[in-house]
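Notes for the one structure printed next.
Numbering of residues begins at 1 and proceeds along the displayed sequence.
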Amino acid sequence: MLVAFALVAQACGKAEGETTNAANGGSAAPANVPVVLNYGFIGTNKLNLPGSAEGWGLHKGIIQEELKKYGITEIKLTAFPNGPDQSESLISGRLDVGSLGDTPAMLARSTGAQTRLITQGSIESIGYLIGKKNGPTKLEDLKGKTIATQKGSFHHRYLAGLLKEKNITDVKIVHLLRVDSEAALARGEIDAMTTTGVYALKQVDQGYPLLDDATKHPDLIGSSATVVSEAYLKKFPDFPKAWNAARLKALEDLKTKPEEYYAFLAEVQGTTVDLVKRSTSINSIKDVPFTEEGIKLLEGTKKFLVEEKLAEKDFDLQQWILK
């Protein structure tokens, strides 16, 4: 009886929010895996969900079910307007893991953020440069003009790379979030703005001139990045394996329901299924954490950020990537 009492007391003494056993058959799980996973993503919406395989998996409960096997019983989702804001939350410890653009993830790492890159789910992020109506119609018209972008984001990296490539230096760059840029462009307060995906196509359909897009500049194409804090990895070293397995299961499921997935994505992005299909392909979602092509993109982006002094300091990309 004394032994039994001691075992019960030991179990009750575990720190609140931690678990010792996985949910599937009682197999052993790391002793200090918190039962709550704090996950951040980019883009506020009424569903409070990201897109891609991660969003679908969370929407359908696939990721939740898979992570329960490791003792995680709740995933708290937090949306952010852009990558730098999410990085701050990850650095401060309010998040355990987050999905964002490669540029803000690398800029955070360059400041010494204790993170590791565990997934590069997409390598086809296309930036667009949209002009105001009755304004610039080509890149050369931007000299002396004002361009809005989300500084520190993939948008910013695309714009900086484009201006350098075209040797356009006499421009004023201001920081505005996408929704604020759209309003400012409509009022004629700015001359051009950066944007992506369905939002760019919608503006073009409304008569705004498309000045450029990253498909013309392969080196300026971006990618997505899922990063996890090193503090969380100490509690759950196998998290990258667990997360990527859950994400793959979600991807396999959405591939069997393409129309349902596109309808879900349209709701997330507050747009039409037609625009989603024109801007997003299921085939662009990678079924492996990393590809040779994706790593090459990261290398080029990091090199540019360091050379242009957008990054605070250089860092070893291979030590950041956790395969």
*Please state whether the rings of Tyr232 and Phe239 are parallel, tilted or perpendicular, taking 30° and 60° as the class boundaries.*
perpendicular

*asked:* With a 3.5 Å distance limit and no angle check, can you tell me whether Thr256 reaches the backbone of Asp253 through a side-chain donor-acceptor pair?
replied: yes

*For the pair Arg109 (side chain) and Thr115 (backbone), establish whether a donor and an acceptor sit closer than 3.5 Å, ignoring hydrogens and angles.*
yes

_Could you check, using the six-membered ring where one of them is a Trp, whether Trp243 and Phe236 have ring centers closer than 6.0 angstrom?_
no

_More than 12 heavy atoms of other groups within 6.0 Å of Lys76 NZ_ = no

*Taking atom NZ of Lys202 as the centre, does the number of heavy atoms from other residues, nucleotides or ligands within less than 6.0 Å exceed 12?*
no

*Could you tell me whether a side-chain N or O of Asp141 sits under 3.5 Å from a main-chain N or O of Lys138, the two making a donor and an acceptor?*
yes

*Glu124 side chain vs Ser223 backbone, donor-acceptor pair below 3.5 Å*: no

_Check: Gly112 main-chain N/O paired with Gln114 side-chain donor or acceptor under 3.5 Å_ = yes

*Evaluate whether atom NZ of Lys133 has more than 12 neighbouring non-hydrogen atoms of other residues, nucleotides or ligands under 6.0 angstrom away.*
yes

*Looking at Leu67, Asp96, Val97, which one forms a side-chain contact (heavy atoms from CB on, under 4.5 Å) with Ile75?*
Leu67

_Minimum side-chain heavy-atom gap Lys302-Phe315 below 4.5 Å_ = yes

*Within 45° cone and under 6.0 Å: Lys132 NZ/CZ vs Tyr208 ring*: no

*Has Asp316 got more than 12 heavy atoms of other residues, nucleotides or ligands less than 6.0 Å from its CG?*
yes

*Mind checking whether His59 and Phe264 have parallel, tilted or perpendicular rings, split at 30° and 60°?*
parallel

_Exercise: identify the closest heavy-atom pair between Ser181 and Ile190_ = O-CD1, 3.6 Å

*Give a yes or no on whether Leu176 and Leu211 share a hydrophobic cluster (residues Ile, Leu, Val, Met, Phe, Trp, Tyr; joining criterion: side-chain heavy atoms under 4.5 Å apart).*
no

_Check: Gly121 main-chain N/O paired with Thr119 side-chain donor or acceptor under 3.5 Å_ = no

*Is there a chain of hydrophobic side chains (I, L, V, M, F, W, Y, each step under 4.5 Å between heavy atoms) that links Val204 to Leu185?*
yes

*Do the side chain of Thr149 and the main chain of Lys151 share a donor and acceptor less than 3.5 angstrom apart?*
no

_Taking atom NZ as the centre, does Lys216 end up with more than 12 heavy-atom neighbours from other residues, nucleotides or ligands that are less than 6.0 angstrom away?_
yes

*Kindly say whether the aromatic ring centers of Phe41 and Phe80 come within a distance under 6.0 Å.*
no

_Parallel, tilted or perpendicular: rings of Trp56 and Tyr261 (30°, 60°)_ = perpendicular

